[in-house]
Amino acid sequence: MTYNEGAVFKWVLIVGIAAATVIGLTLLTRPLVGALWGLVLVIAGSVYGIRWTRDWWRRTRDRPGGPDHTP
Amino acid sequence: MVAAFQRPGWYRAALGAVIAAALGFGLVVVLREISGLSAFQSEQTGYPQVIVPLIMAPFGFLLGIGCFDYWLRWAFGLPTIPEDHSSHGAHSWKDYFKVNTDHKVIGIQYICTTFVFFFIGGLAAMLIRAELAQPGTQIVGAGTFNSLFSVHAALMIFLFVIPVFAGIANYVLPLMIGAPDMAFPRLNALSFWMLPIAGLLFLGSFLAPGGAFDAGWTGYAPLSTGAPLGQSFFNLGVQFAGASSIATALNFLVTIITMRAPGMTFWRMPLLVWANLSTSLLVVAATPFIAGAQFMVFFDRILHTNFFQFGAGGDVISYQHIFWFYSHPAVYIMILPGFGIISEVISTHARKPIFGYRLMALALIGIIVLSYSVWAHHMFVAGMFSWLRVPMMLTTLLIAVPTGIKIFSWLGTLYFGKIHTKSTAMLFALAFIVTFTIGGISGVMLGMVPFDIHVSDTYFIVAHIHFVLFGGSVFTIFAGIYHWFPKMTGRMYDEKLGRVHFWGTLIGTWGTFIPMHWIGMDGMPRRVADYAAQFGNWNLLISCFAFMLGAVQLVFLYNMIVSWRFGPKAEANPWRANSIEWLVSSPPPIYNFDEIPRVVGGPYEFGIPGAQHAIMAGEGAEVPTGEPSVVGT
Amino acid sequence: MESASVPLPHGAGGHAADSHHHGPPEANQSSRIDRQTLGILLFIVSEVMLFGAFFASYFFLRVVVNPTAWPPKPFELPVGVAGMNTAILVSSSFTIHYALEAIRKGNKQGMKLGLVLTWLLGLTFLFVQINEYVHIGFSARLDSFGSIFYSLTGLHGAHVFAGLMLLTFATIRAFRGHFDKDAEKHLGVEVPGIYWHFVDIMWIIVFATVYIL
């Protein structure tokens with residue numbers, strides 16, 4: 001996994017598209033529908049974030065590294 | 001003389017502050033004249049001619065003292081010398097009054113500064129107790145009393161408990177994880193120098209027309225939006241203290257994640273490091289909420305916005321929601337580093353490995369996750385949505401579980417340990433467990449909605465907060481100071497005076513705050529200068545104990561100052577502890593290590609033959625060579 | 001990325017391993033992520049929460065207080081202008097990405113072009129925003145709506161300004177020939193780039209919430 005500007009740029013695209021769907025829904029229907037869809041997206045994003053954090057922790061916690069590291 | 005004003009330092013800082021303040025003042029006067037307003041506006045909440053200079057002067061000060069010198073050169077592409085360590089380390093006492101990038105110097109700067117504010121805040125507490133010793137008003141009027149308890153709380157919370165932990169960790173943490181310094185030393189210096197600014201703003205509010213801020217440290221709207229000028233000082237001071245603690249927390253996180261010594265896995269980190277990791281996560285994610293809340297109050301005051309103005313579509317309760325969404329996590333910000341200190345002290349002085357090390361670390365994570373879900377238990381009687389009460393009660397009771405895990409783990413560590421109390425630190429740690437447990441249990445009581453409604457805004461609340469914050473956090477701070485005093489100063493403190501201080505503090509704390517539970521349940525309201533005559537005897541007793549508690553802190557002050565100067569030289573490892581900071585000399589070398597140590601085991605393996613936590617360079621057969629390994633991401 | 005030689009700008013990056021060095025020892029790099037990138041990401045977390053405080057206030061004022069008209073009559077938000085402004089800011093994310101892609105390939109001219117374009121787009125955004133404030137017809141004192149509208153957009157504007165400052169520094173240094181191909185030699189563009197993306201993402205959310213919903 002890399003952490004650089006490119007990784008963040010990916011999120012600009014994701015959030016951009018997600019926001020575009022919210023805006024589209026709102027303009028086509030009512031603000032309430034758009035808001036609820038936005039809420040769904042936020043919850044989905046949070047779930048993704050929590051899962052990612054858990055995976056990160058699993059990858060990180062037990063890898064000792066250093067001279068005594070035996071893979 | 002001109003040269004003195006060009007170098008970073010106090011001359012240039014004073015000059016910068018004056019110029020910036022004058023600039024701000026001029027800006028306000030000119031802009032208001034242009035817009036056809038009178039240059040000086042003195043309605044109760046406004047005073048732009050004071051506020052704008054007050055915002056700008058600190059930046060002039062920081063620029064002058066030299067916090068931004070390197071960054072500005074860097075930003076404009078001028079040559080910078082990353083290898084220039086001229087502002088690293090203290091060679092004389094004067095270096096403690098300069099911008100320094102050495103985490104050890106910054107740690108001492110933090111601790112000394114915060115203790116200054118501790119004693120000022122304590123003085124306010126003594127005045128409060130003097131006033132409350134008898135029914136009626138004798139010493140200070142009701143208005144001054146309100147200012148006194150507000151300033152007392154604001155100083156103790158924002159200028160003592162939160163930053164002093166940052167100070168202790170600043171000193172110890174990089175050593176503990178085997179790092180030569182913090183990740184961003186210049187940011188570290190900046191976060192320290194923002195701190196005295198916040199303190200001076202809080203204290204400076206006494207000079208403001210209308211007196212110091214008097215809406216409590218909570219500054220509830222709309223009380224605060226209509227309060228005199230002093231409240232704006234509070235709003236601004238909180239911003240500086242908050243920015244300081246966010247920057248420090250960010251620094252800790254980056255240091256812990258990216259700069260651990262080879263072999264120092266997450267499961268080998270001392271619990272103080274774990275505690276600061278979790279605290280820093282809380283600070284980074286929660287502190288912006290108090291910044292937001294104070295911004296809104298500030299805007300309502302000086303720009304006449306309507307965030308909290310009922311008639312204009314504002315929502316008064318939203319202040320409390322936003323405020324407590326920070327300030328409940330903040331109580332954990334004020335205790336988790338203390339948990340870390342206690343773990344170090346208990347394990348070292350009971351000569352036993354921490355009982356349930358991993359669970360201790362996970363309990364910290366459990367606390368930070370849960371702490372975001374309990375904020376509204378401060379608002380049971382505020383008139384918020386009534387459906388929110390029971391969920392908040394349940395999460396509040398739930399958060400006692402990880403805290404209980406920690407208490408029982410300490411007891412498990414002590415069980416069959418070779419406990420000795422040669423060090424005052426251990427006395428404070430043992431007293432902490434008892435006192436904090438009592439405070440924690442009264443917290444569980446307060447979590448129950450019916451009981452909370454009964455004792456809301458009474459002295460029971462005061463008793464609870466002081467049991468957990470004084471009997472809890474401050475005891476851990478004392479434990480930490482005594483524990484690492486030999487490491488920080490290279491001298492031993494006077495153990496006899498330490499004991500006087502300990503017993504005085506313990507008896508003073510219990511004598512002062514235990515009776516408050518009773519008078520609180522009988523209905524004595526807090527934050528009021530006068531009270532019904534029936535509480536007179538109890539309050540006299542409380543005040544007597546409070547004065548004793550105050551007086552005995554002077555013993556501590558004397559002990560620290562005299563021992564720092566004249567105490568017997570300390571060995572590198574007077575407590576025979578394992579973690580890395582004890583493997584270097586006391587005080588540690590200027591760059592901490594000649595070579596980064598290598599971690600080969602857990603930090604608490606007392607009593608296990610042959611167990612080692614870390615190997616210093618030149619000690620073992622293998623010296624770490626070649627590629628420093630990359631751990632995780 | 002197994003490189004052990006990630007230079008540590010505050011540590012003893014370029015030190016030869018003298019036996020009696022006078023600087024600090026080089027810190028062990030215990031994570032793949034470098035300090036500056038992790039630092040800016042954590043700072044962004046903090047910033048998101050600051051916006052979160054104001055969004056919380058927004059929803060309190062709009063949903064809990066539930067005023068009859070939002071925005072109060074007869075005012076309307078200039079959705080078209082703001083939408084155009086959104087397009088400007090989003091495209092600036094593409095230009096800064098172009099700049100970073102260029103320098104990753106060692107193309108310094110491309111980086112300079114990308115930086116200058118981004119800077120100009122950011123400045124345009126700010127000017128359009130200020131112009132919008134001038135012509136919008138209500139002030140921050142217009143009920144709670146005006147307060148939260150100006151706070152959210154103003155807070156974001158302040159972040160655009162901060163991002164522009166960072167970009168200015170990066171541009172100055174780019175034209176002084178400071179950055180290069182290796183990952184650690186263009187952190188000075190990378191970090192402002194990440195921050196700029198955050199500013200962009202935040203605007204998309206502010207726009208969708210304040211102007212559209």
Side-chain angles (χ1 to χ4, degrees), chain B residues 74-77 82-83 85 88 101 178-181 183-186 246 250-251 253-254 257-262 264 284-289 291-293 295-296 299-300 303-307 309 312-315 317-318 321-322 325 591-596 626-628 630-633, chain C residues 1-4 9-15 21-36 38-39 42-43 45-54 56-57 60-61 64-65 67 72 140-148 150-151 155 165 168-169 172-173 175-176 178 188:
Chain B
W74 183 91
F76 293 107
E83 298 306 314
H85 297 292
H88 183 103
T101 55
D181 203 331
F184 306 116
R186 277 173 269 274
I246 291 177
L250 195 147
N251 220 333
L253 283 173
V254 178
I257 293 175
T258 67
M259 291 172 72
R260 281 166 291 132
M264 177 71 88
V284 164
T287 308
F289 262 73
F295 272 133
M296 290 174 207
F299 293 159
D300 267 15
L303 302 176
H304 300 288
T305 55
N306 297 307
F307 286 104
Q309 308 310 316
D315 184 14
I317 301 289
S318 72
H321 278 292
I322 297 171
F325 195 74
Y591 295 117
N592 293 359
F593 310 105
D594 276 341
E595 265 178 76
I596 299 298
E627 308 249 309
V630 172
V631 187
T633 42
Chain C
M1 192 174 102
E2 276 298 316
S3 97
H10 305 302
H15 260 296
H21 55 70
H22 300 290
E26 192 171 331
N28 180 42
Q29 176 85 5
S30 59
S31 167
R32 264 176 220 163
I33 189 165
D34 55 83
R35 297 178 200 174
Q36 286 79 358
L38 182 59
L42 288 168
F43 183 64
V45 169
S46 193
E47 295 271 55
V48 167
M49 293 305 281
L50 182 60
F51 275 96
F54 280 90
S57 179
F60 267 106
L61 297 176
V64 178
V65 176
R141 298 182 186 185
L142 175 80
D143 288 355
S144 53
F145 171 78
S147 309
I148 194 67
Y150 275 97
S151 301
L155 181 70
M165 294 304 286
T168 311
F169 301 149
I172 291 173
R173 284 164 54 77
F175 276 90
R176 289 188 171 218
H178 274 248

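What you see is a predicted model; the values in this text were computed from it and never measured.
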| said: Quick check for you: among C:Arg173, C:Glu47, C:Arg176, which has the greatest number of heavy-atom pairs under 4.5 Å with chain B? | reply: C:Arg173

| Could you give the distance from CH2 (B:Trp74) to NE2 (C:His178), rounded to the nearest 0.5 Å? | 9.5 Å

| query | Parallel, tilted or perpendicular: which describes the rings of C:Phe54 and B:Phe307, with under 30° parallel and over 60° perpendicular? | reply | perpendicular

| said: Below 4.5 Å, heavy-atom pairs only: which of C:Thr168, C:Asp143, C:Leu38 has the largest tally toward chain B? | reply: C:Asp143

| Which heavy-atom pair separates B:Gly314 from C:Ser144 by the least distance, and what is that distance? | N-CB, 4.0 Å

| What are the two closest non-hydrogen atoms of C:Ile33 and B:Thr258, and how far apart are they? | O-CG2, 3.6 Å

| remark: When every non-hydrogen atom of B:Met296 is compared with those of C:Ser57, the smallest separation belongs to CE-CB, 3.5 Å

| field | Where C:Leu61 and B:Asp315 come nearest, the two heavy atoms and their spacing | value | CD2-N, 3.6 Å

| said: Shorter than 4.5 Å, heavy atoms on both sides: which option in B:Thr287, B:Ile246, B:Asn306, B:Asn592 has the most such pairs with chain C? | reply: B:Asn306

| task | Please confirm whether the backbone N or O of C:Arg141 pairs with a side-chain atom of B:His304, one donor and one acceptor, at under 3.5 Å? | result | no

| task | Assign the ring pair B:Phe76 / C:Phe169 to parallel, tilted or perpendicular, where the plane angle (0 to 90°) is split at 30° and 60°. | result | perpendicular

| query | Which atoms of C:Leu142 come close to chain B, meaning under 4.5 Å heavy atom to heavy atom: side chain ones, backbone ones, both, or neither? | reply | backbone

| Heavy-atom donor-acceptor pair, C:Ser46 side chain to B:Val284 backbone, under 3.5 Å | yes

| Backbone of B:Ala261 reached by a side-chain donor or acceptor of C:Ser30 within 3.5 Å | no

| Looking only at heavy atoms, which two atoms of C:Pro25 and B:Glu595 are closest? And how far apart? | CB-CA, 4.2 Å

| request: Could you grab the distance from atom CZ of C:Arg35 to atom CG of B:Asn251, nearest 0.5 Å is fine? | output: 9.5 Å

| So, for B:Phe289 and C:Ala56, which heavy atoms are closest and what is the spacing to 0.1 Å? | CE2-CB, 4.5 Å

| query | Rounded to the nearest 0.5 Å, how far apart are CD1 of B:Ile322 and CZ of C:Phe60? | reply | 6.5 Å

| message | At a heavy-atom distance under 4.5 Å, which candidate from C:Pro72, C:Gly52, C:Pro67, C:Gly188 has the highest pair count against chain B? | response | C:Gly52

| said: Can you tell me which portion of C:Ile172 sits under 4.5 Å from chain B's heavy atoms? Options are side chain, backbone, both or neither. | reply: side chain

| Counting distance only, does the side-chain N/O of C:Ser147 pair as donor-acceptor with the main-chain N or O of B:Thr305 below 3.5 Å? | no

